[in-house]
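What follows is a short report on a single structure.
For the numbers below, each heavy atom of this structure counts, side chains included, while hydrogens, waters and symmetry mates do not.
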Amino acid sequence: MTDSHAPAIEAIGLTKRFGDFTAVESLDLRVQTGTVVSLLGPNGAGKTTMVRMLATLLRPDSGRARVAGHDVVSEPDKVRRVISLTGQFAALDKNLTAAENLRLMARLRGHGRIAARTIAGALMERFDIEAIGDRVVKNLSGGERRRVDLAASLIDMPQLLVLDEPTTGLDPRSRQVVWSTVRDLVAEGVTLLLTTQYLEEADALADRVVLIDHGREIAAGTPAQLKARVGEQRVDTVVTDAAQLERLDQALSASFATSVARDQRTVSVPAPNEAADLTRVAQAIRESGIAVDEVALRRPTLDDAFLALTGRPVNADLDGEADSAHEPITHEVAR
Ligand SMILES: Nc1ncnc2c1ncn2[C@@H]1O[C@H](COP(=O)(O)OP(=O)(O)OP(=O)(O)O)[C@@H](O)[C@H]1O
Ligand SMILES: [Mg+2]
């Protein structure tokens with residue numbers, strides 16, 4: 001029996017080691033039924049390891065976890081009945097078509113041939129993949145494949161859906177499609193645990209965010225609480241000649257209370273008023289006569305969260321990846 005009063009997920013001190021490397025270290029996690037919780041962290045933070053333990057695919061070394069009241073170690077069958085994990089890497093058969101994959105998965109879940117066909121058809125309609133249903137999966141784009149993946153995880157509507165980085169590598173449009181699908185599911189009452197590398201995604205979808213790194217919790221709270229600690233959007237100005245950085249900093253300090261030189265060519269100012277602040281920056285630059293390459297409004301990224309909450313950047317070699325999803329809103333400046 002599923003205990004309807006139990007939280008969807010309750011993990012205490014969950015730990016996983018691979019040899020002498022600790023991937024998840026004494027992590028607590030609580031997900032209330034009907035809510036969306038995001039596990040946010042950079043590459044290697046331990047997100048996949050954590051969700052695989054919760055989905056009974058990996059055995060914890062210590063700590064304990066219950067899913068809908070069932071222990072992941074002693075009652076794995078009961079846990080599997082309520083949880084559906086959409087893994088980070090597609091679990092589809094690349095040589096079958098999208099429709100064949102969905103029908104096959106429905107059959108594997110015990111549905112008869114006709115029922116499987118009906119279920120697959122309904123899911124394809126819902127995820128807007130009817131047009132690509134007859135194409136073999138290996139020829140689909142990343143975004144198309146991701147939608148087929150999501151459809152496959154909903155063959156039997158789960159109580160608890162776990163999505164492991166559902167939008168990594170997707171273009172902004174495909175990301176929006178996945179987001180709106182996720183919102184629909186949540187509106188239907190599905191409890192969701194979502195891992196992501198994007199602060200913006202956690203902000204857009206989650207009721208609560210748990211930021212992790214090196215298998216440990218760094219911060220947790222509502223997106224608003226986290227954003228209050230991380231800071232809001234800002235305007236970044238990239239100077240053409242690094243020697244002019246200080247002059248630019250002074251020019252911007254004159255019209256903004258604070259400005260921060262972020263690297264050798266970039267000065268940041270807080271931009272709570274978005275476009276209005278962007279315009280003010282552009283004006284200050286024009287008046288100063290300093291040549292700049294770019295002026296852009298940026299929303300806080302995972303990098304910014306790390307810097308604000310830990311005082312250090314995310315692993316330097318991975319910077320680009322965490323940032324790539326954030327298309328800046330760029331404003332051309334007359335020189
Ligand atoms: N089976 C394994 N054997 C050894 N090390 C592992 C194994 N699985 C994961 N790790 C290591 O544990 C750490 C956490 O990995 P995990 O896959 O949980 O990270 P992640 O947060 O999901 O990262 P990403 O965003 O890149 O998917 C990594 O350093 C990884 O190399
Ligand atoms: Mg992962």
Side-chain angles (χ1 to χ4, degrees), residues 1-91 105 108-110 149-150 152-166 182 185-186 189-197 202 206-220:
M1 276 294 290
T2 294
D3 178 354
S4 59
H5 299 296
I9 295 175
E10 184 163 45
I12 295 167
L14 220 52
T15 298
K16 183 69 197 178
R17 293 180 206 95
F18 297 109
D20 53 13
F21 174 77
T22 307
V24 170
E25 189 164 359
S26 196
L27 204 58
D28 296 345
L29 182 70
R30 197 179 164 91
V31 179
Q32 290 294 356
T33 301
T35 67
V36 180
V37 172
S38 173
L39 213 49
L40 172 70
N43 287 129
K47 302 181 296 295
T48 298
T49 304
M50 184 67 180
V51 298
R52 286 177 60 84
M53 284 192 283
L54 296 172
T56 76
L57 301 173
L58 264 182
R59 196 189 165 91
D61 290 308
S62 58
R64 59 178 190 79
R66 289 180 170 276
V67 172
H70 306 301
D71 189 276
V72 295
V73 174
S74 63
E75 305 171 288
D77 293 345
K78 287 179 178 163
V79 171
R80 281 178 207 151
R81 235 168 271 154
V82 293
I83 198 168
S84 169
L85 169 67
T86 302
Q88 182 170 7
F89 304 105
M105 293 208 187
L108 290 174
R109 286 189 150 259
D149 249 343
L150 264 176
S153 61
L154 297 173
I155 283 175
D156 290 314
M157 186 62 93
Q159 276 182 39
L160 171 63
L161 182 61
V162 181
L163 300 176
D164 195 8
E165 298 196 26
V182 166
L185 292 170
V186 172
V190 173
T191 303
L192 180 67
L193 176 64
L194 162 98
T195 81
T196 184
Q197 297 183 32
D207 301 307
R208 244 171 60 79
V209 181
V210 179
L211 179 62
I212 66 168
D213 190 29
H214 299 299
R216 279 186 240 154
E217 181 181 309
I218 290 176

Quiz item: Between V51 and L193, is a side-chain contact (heavy atoms from CB on, under 4.5 Å) present by the stated rule, with each step listed?
Solution: CA-CA 8 Å; V51 298; L193 176 64; 3.9 Å; yes
Quiz item: Got a second to check how far L39's CG is from L163's CG, nearest 0.5 Å?
Solution: 12.5 Å
Quiz item: Is it true that the side chains of T86 and D149 contain a donor and an acceptor less than 3.5 Å apart?
Solution: no
Practice problem: First locate atom OG1 of T49, then atom NZ of K16, and finally report the distance between them rounded to the nearest 0.5 Å. | Solution: 9.0 Å
Exercise. State the CG-OG1 distance between D164 and T195, to the nearest 0.5 angstrom.
Key: 3.5 Å
Self-check item: Minimum heavy-atom distance between M157 and L185, given as atom pair plus value
Solution: CE-CD2, 3.9 Å
Practice problem: Flag the pair L194 / P166 as yes when at least one side-chain heavy-atom distance between them is below 4.5 Å, and no otherwise. | Solution: yes
Self-check item: Closest contact, heavy atoms only, E217 versus L27
Solution: N-CD1, 3.5 Å
Quiz item: If you measure from the Lys or Arg side-chain nitrogens to the Asp or Glu carboxylate oxygens, is any gap between R216 and E25 under 4.0 Å?
Solution: yes
Exercise. Look only at the side chain of S84 and the backbone of S153, and say whether a donor-acceptor pair between them is shorter than 3.5 Å.
Key: yes
Quiz item: Which distance, rounded to the nearest 0.5 Å, do you find between the OG1 of T196 and the CD of E165?
Solution: 6.5 Å
Exercise. Can you see which heavy atom on R17 is nearest to which on S62, and at what distance?
Key: NH2-OG, 4.4 Å
Exercise. Assess whether atom CZ of R80 is packed by more than 12 heavy atoms of other residues, nucleotides or ligands within 6.0 Å.
Key: yes
Exercise. Just do the side-chain contact (heavy atoms from CB on, under 4.5 Å) check on R81 and D77 with the steps written out, would you?
Key: CA-CA 6 Å; R81 235 168 271 154; D77 293 345; 4.0 Å; yes
Quiz item: So, for D71 and V79, which heavy atoms are closest and what is the spacing to 0.1 Å?
Solution: O-CG2, 3.8 Å
Self-check item: Euclidean distance, L40 CG relative to L211 CG, rounded to 0.5 Å
Solution: 5.0 Å
Exercise. Compare all side-chain heavy atoms of T191 with those of Q159 and state whether any distance is below 4.5 angstrom.
Key: no
Quiz item: Do you know which two heavy atoms are closest between S74 and P76, and how far apart they sit?
Solution: C-CD, 3.3 Å
Exercise. Indicate whether the side chain of T15 and that of D61 have a donor and an acceptor atom separated by less than 3.5 Å.
Key: no
Exercise. Can you spot which of L54, I12, L14, I212 makes a side-chain contact (heavy atoms from CB on, under 4.5 Å) with L29?
Key: L54
Quiz item: Under the side-chain contact (heavy atoms from CB on, under 4.5 Å) criterion, do L154 and V190 qualify, and how do the steps go?
Solution: CA-CA 11 Å; L154 297 173; V190 173; 5.8 Å; no
Practice problem: For the pair K47 and M50, evaluate side-chain contact (heavy atoms from CB on, under 4.5 Å) and give the outcome as yes or no after the intermediate values. | Solution: CA-CA 5 Å; K47 302 181 296 295; M50 184 67 180; 5.8 Å; no
Quiz item: Which pair of heavy atoms, one from A202 and one from S38, lies closest together, and at what distance?
Solution: CB-OG, 3.5 Å
Quiz item: What is the distance from atom NE2 of H70 to atom CD1 of I83, rounded to the nearest 0.5 Å?
Solution: 11.0 Å
